[in-house]
Number of protein chains: 2
Amino acid sequence: MSRNGKLATDLVQKLERDIVTGVLKPGDKLDERSLSERFGVSRTPVREALQTLAGSGLVATMPRRGTIVASITVADLIEMFEVMAELEAMCARLAARRMPRADIEKLIALGNECSELQEHADADAYYEANVNFHEVIYSGCRNSFLERQTKNVRNRLAPYRRLQLHRPGRVKKSNAEHSEILEAISTGDAERAGKLMHQHVAVQGEALNDLLAIVPRGYLEPLAS
Amino acid sequence: MSRNGKLATDLVQKLERDIVTGVLKPGDKLDERSLSERFGVSRTPVREALQTLAGSGLVATMPRRGTIVASITVADLIEMFEVMAELEAMCARLAARRMPRADIEKLIALGNECSELQEHADADAYYEANVNFHEVIYSGCRNSFLERQTKNVRNRLAPYRRLQLHRPGRVKKSNAEHSEILEAISTGDAERAGKLMHQHVAVQGEALNDLLAIVPRGYLEPLAS
DNA sequence: TACACATTTCTGGTATACAAAAAGACGTAG
DNA sequence: CTACGTCTTTTTGTATACCAGAAATGTGTA
């Protein structure tokens, strides 16, 4: 059975996908034995995978008490969105200065795809296209370290961010903002691109209250880190 | 023998300290068996510690080829400093808006300490005080997530950043910049604080060439990630 | 002398076994 | 009937044994 070659890495990717896509929800227990027999490997690579995921913040490990999919406090959520807005704004600023023409074309295409999907009110499909749109901008900043850093924070926020789109009217507004950002980038207006992206990503004021109101029980910790 | 309670965590902290303080240098091999007998534990916690450090980017693990203290490419170095400047700038902006009066007093004290140490040309002591100065600003941003994120990147850059201070005249200039930043923060001028901090941290133009010129052989990878 | 191939050795990856601590179940006492 | 304490069970943390793959070395041939 046991195929060679870095089983732990595979597990990390599979678990990461399950967490980011919402198959596994914040607070879910990740039992080592269950996982090991589910994936047909021993506990060792499972433990390594969990260790890695803990390092990137996607899961939380409490000594002697097991590991769960990371659930964060309201304070953490606010802080992380604050940082996320800044990171994405930086990506947008740099992208406006550095993104090659070919990628701008790609961005335009994805913008159009978002617009089309918006009509059909398919939240999941739109979410996918939306992710692609943002990723092209990450890539366009031509700073692979910033790109990795940004994706990491995004992944950690994914379970909560996904909820946003279910707010009525959010998809339409989001799409309009995409158009503005796209225009700023393609004209090379770095400052404007950054500012627009910051507003696009930041969750503040009433929008924050709305988000908090629809976060399911268990997604948030009562208190403590 | 084996004392209970999360040996791996201790190892992470010890190795992290050794890397950040320069006892272990980029490119140094981290042999699992040597480490395990040096610390008197089995390979299992050693592997977990290395896994964790790999997650935070301080060491690099090549499949079947062992792990070394992370050595990065010139391109990586430039990218990371670009992000670092932005993160510290964000800390400074937020600190200017949020830092409580008591912390500002602390910052003034540390600024003075830096000034005094500058006279004596003790690079290591100055480096220490300099770290403290910056950490008070991280803390002052009142965003613990941003604080952790910033410290993480700083740790990864530590082996290279330490080299900067050995450039003649750098300490004096750095200290002058601290004064300006301090003034901007204490007067609540967020934009100015951010801009000054960005310039303070960013390594660009001739300064970059100087830095690259004194990076020891082995600190940088020839190519590839 | 230089290069190619085989063998050996060393090191990392995986599995399993054991120990310790926490959670849960059960019984008894109040 | 409830509450507390003890025992069992479950699950994590650590150690050890085994396996596989890559680097190093040695040998033979061109």
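All values below come from the heavy atoms of this structure, side chains included, with hydrogens, waters and symmetry mates left out. By convention in this document, chain letters (A, B, ...) are assigned in the order of the sequence lines, proteins followed by strands, and residues within each chain are numbered from 1.
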Output for pair (B/I78 CD1, B/L212 CG), nearest 0.5 Å, gives 6.0 Å

A/L11 CG to C/dG13 P, in whole Å, measures 14 Å

Between N or O atoms, less than 3.5 Å apart, protein on one side and nucleotides 22-25 of chain C on the other: list the pairs.
residue	atom	partner	partner atom	Å
C/dA23	OP1	A/R65	NE	2.8
C/dA23	OP1	A/R65	NH2	3.1

Atom OG in A/S139, atom CG in A/D103: separation rounded to 0.5 Å?
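Between atom OG of A/S139 and atom CG of A/D103 there are 5.5 Å.
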
**OP:** Any chance you could measure B/N143, atom CG, to A/D76, atom CG, to the nearest 0.5 Å?
**Re:**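 Output value for this atom pair is 9.0 Å.
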
- On the 0 to 90° scale, with breaks at 30° and 60°, tag the B/H200-B/H134 ring pair as parallel, tilted or perpendicular. parallel

When rounded to whole Å, the CG to P distance for the pair B/L7 and C/dA21 reads 12 Å

Atom CZ of A/F39 and atom C1' of C/dG13 are separated, to the nearest Å, by 18 Å

To the nearest angstrom, the CG-P distance between A/L30 and D/dT10 comes to 20 Å

- request: Examine distances only and state if a side-chain atom of A/D28 and a backbone atom of A/K25 form a donor-acceptor pair shorter than 3.5 Å.
  value: yes

To the nearest angstrom, the CG-P distance between B/D10 and D/dG13 comes to 13 Å

A/L50 CG to D/dT11 P, in whole Å, measures 14 Å

In whole angstroms, the gap separating P of C/dG12 from CE of B/M62 amounts to 11 Å

TODO: May I ask you to decide if the ring planes of A/Y219 and A/Y160 are parallel, tilted or perpendicular, using 30° and 60° as cut-offs?
DONE: perpendicular

Give a yes/no on whether any side-chain N or O of A/S42 is located under 4.0 angstrom from OP1 or OP2 of C/dA15.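 A/S42 to C/dA15 OP1/OP2: side-chain N or O found under 4.0 Å.
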
TODO: Return the 5'-most residue of the pair B/T44, B/E32 with respect to DNA chain C, ranking by each residue's nearest nucleotide.
DONE: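 Going by which nucleotide is closer to the 5' end, it is B/E32.
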
Check: Taking it one step at a time, do B/L50 and B/L11 satisfy side-chain contact (heavy atoms from CB on, under 4.5 Å)?
Finding: CA-CA 9 Å; B/L50 293 179; B/L11 293 184; over 6 Å; no

Q | N/O (side chain, A/R47) to phosphate O (OP1/OP2, D/dG13) under 4.0 Å | A | yes

* Rounded off to whole Å, could you give me the CD-to-P distance for the A/E37 and C/dT16 pair? =>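 The answer, rounded to whole Å, is 13 Å.
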
